[in-house]
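Have a look at the structure below, then the notes.
Order of listing sets the numbers, starting from 1, for every ligand and every atom in it. Residues: numbered from 1 along the sequence shown.
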Amino acid sequence: MKRTLVLETLKQVGKEVKLQGWVDTKRDHGKVTFIDFRDKTGKVQCVGYKMMGELTTESVIELIGLVKERPERLVNKNLPTGTVEIDVKQYTILNKAKELPIGVDTDGLEIKEEARLKYRYLDLRRERMQNIIRMRSKFFKAISDELHSQDFVEIETPMLTESTKEGARDFIVPSRFNPGKFYALPQSPQQYKQLLMTAGFEKYFQIARCIRDEDLRADRGFEFTQLDLEMSFVDRETVMKTVEDLVKKSVKAVGAKLQKEEFPVFTYAEAIEKFGADKFDLRTDQEKEEGVLAFAWVIKFPFFKKVDKADVAEVRDGKSGWTFTHNPFSAPEPEFEQDHLDKKNIGKIITAQYDLVCNGYEAGGGSIRAHKAELLKSTFEIMGYSEEEIQHSVGHMLEAFEVGTPPHGGIALGLDRLVMILAGEESLKETIAFPMSSTGRTSVMDGPSAVSGEQLKELHIKVVKKEKKENKK
Ligand code: ASP
């Protein structure tokens, strides 16, 4: 007998069906036992006479039963399958559930993070999490379908790479074959996507995982997912228009309502003057209640800023006391190109950067890039890099920019954040199947963990134990 899905039972009245899924709830009345039976399509009431009393909630069962129309007065209007019920003839327990360590029948927000992440496979069973993760999948599909339809090529870039200069601290991985040397995990595919433009792909995208060793915040882990794209022979307006259309289509595909069909554009100076920040919320209170999305663009950011001495990555990148505000691979706006090359009026140089803002959050950012070697070189010179340091950091980019690299620009959108906004959630963790905890520990599995002496030896690594500071009283 073929499996019938819960929602399909509506069309099977009078027939015998085989269902496979979970015991959602059980009400045992002695002679009669009712269960709400659940699969990926929903729930349906099943009735057993002198059977099913032994079932525990969340057990996986298979049952065969007759689909019956419910009498008018017993119709459950709260359930899509509320007009039918299954008269169970026989069932088999496929996997018996013990008492669960966490409940799965609430929205879960009342349960401690540690327990939710330790038992994430259970936590994900709750309806709220099922809806978010399924919506995320639908949203990603809408994005990728649209980009494919516009001739974008989906290309993967390496995970084991060299430092990508995104302004955060790198995660590093020891190389067994090169004792004492390390790979860096990508903070973004920035340089590779630009090299794909040199390679002639013209339109690239990737739903990319980025890894940055940043200080953890309650809602942020070390990994995140971004839609990364890059295009050749484009100006700022073309990229912004492409992204705006894409964002509109894909958020509508998951039912979102937009405040404005055309996203307003603010300069950085206007944004600071008007909102006191470069991310802001344009919604009215009523729009907030209705879950409306208010997107806006911010352009004309300063290219450089003074190094924040408390920020390790900034101090490392900004050797001269100047560092980039957004992206060292950006071009200056055309009218600032000469100053950029002359390293004059540094604080006044404006970058061809654009940020997408949504409901008070930064939803993404990108730029038209420096595609000429002397311009990129000048950026690093302004930050105080020596010729040797420049060659070491971006020599490969400078080389690529001398063999026919088209003008290009792109963007990256933070997809976890967009899903969070779409789902009306307040933490990025609610949008990721297996997020990291607030203290940087992995879901379900116990990472980071110690490795064996044997592994360390192979990697030529010695762990120096941190001396415990003596408690002076
Ligand atoms: N690589 C940048 C980032 O991840 C985005 C971009 O400029 O495309 O922030």
Practice prompt. Go through the steps to decide whether Glu333 and Thr351 satisfy the test side chain to side chain donor-acceptor pair (under 3.5 Å), and finish with yes or no.
Written response: CA-CA 5 Å; Glu333 290 272 347; Thr351 158; over 6 Å; no

Worksheet item: Are Ser437 and Glu114 close enough, and set up right, to give a side chain to side chain donor-acceptor pair (under 3.5 Å), and what steps lead you there?
Response: CA-CA 7 Å; Ser437 78; Glu114 208 186 324; over 6 Å; no

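Protein heavy atom closest to atom 9 (O) of ligand 1, with residue, atom name and distance, is Glu166 OE2, 3.5 Å. Nearest protein heavy-atom contact of atom 1 (N) of ligand 1 is Gln190 OE1, 2.6 Å.
Here Phe171 and Phe222 bring their ring centres to under 6.0 angstrom of each other. Checked against the 6.0 Å centroid threshold, His396 and Phe401 do not count as a close aromatic pair. Under the 6.0 Å cut-off for aromatic ring centres, Phe280 and Phe266 qualify, their centroids lying closer than that. With ring centers used as reference points, His148 lies under 6.0 Å from Phe205.
Proximity of Gln194 to ligand 1 is not established, as no heavy-atom distance is less than 4.0 Å.
Judged by the 6.0 Å and 45° rule, Lys306 forms a cation-pi pair with Trp322. In this structure, Lys319 satisfies the cation-pi test against Tyr385, with its NZ or CZ atom closer than 6.0 Å to the six-membered ring centre and inside 45 degrees of the ring normal.
Those atoms of ligand 1 with a heavy atom of Gly366 less than 4.0 angstrom away are 6 (C), 7 (O). Of all atoms in ligand 1, numbered sequentially from 1 with element shown, those under 4.0 Å from a heavy atom of Gln226 are 4 (O). Below 4.0 Å from some heavy atom of Lys193 lie the following atoms of ligand 1, by number and element: 6 (C), 8 (O). The contact set between ligand 1 and Ile411, taken as ligand atoms under 4.0 Å from a residue heavy atom, comprises 8 (O). Near Gly365, meaning under 4.0 Å from any of its heavy atoms, are these atoms of ligand 1: 5 (C), 6 (C), 7 (O), 8 (O).
When non-hydrogen atoms are compared, ligand 1 lies under 4.0 Å from the backbone of Ala412 as well as from its side chain. Only the side chain of Arg212 comes within 4.0 Å of ligand 1, judged by heavy-atom distances. For Glu362, no heavy-atom contact with ligand 1 is shorter than 4.0 Å. At a heavy-atom distance under 4.0 Å, no atom of Glu230 approaches ligand 1.
The shortest N or O to N or O distance between Ser188 and ligand 1 is below 3.5 Å. Considering both main-chain and side-chain atoms, Asn327 comes within under 3.5 Å of ligand 1 through a nitrogen or oxygen pair.
Ion pairing between a basic and an acidic side chain is recognised when a charged N comes within 4.0 Å of a carboxylate O; Glu230 and Arg369 show such pairing.
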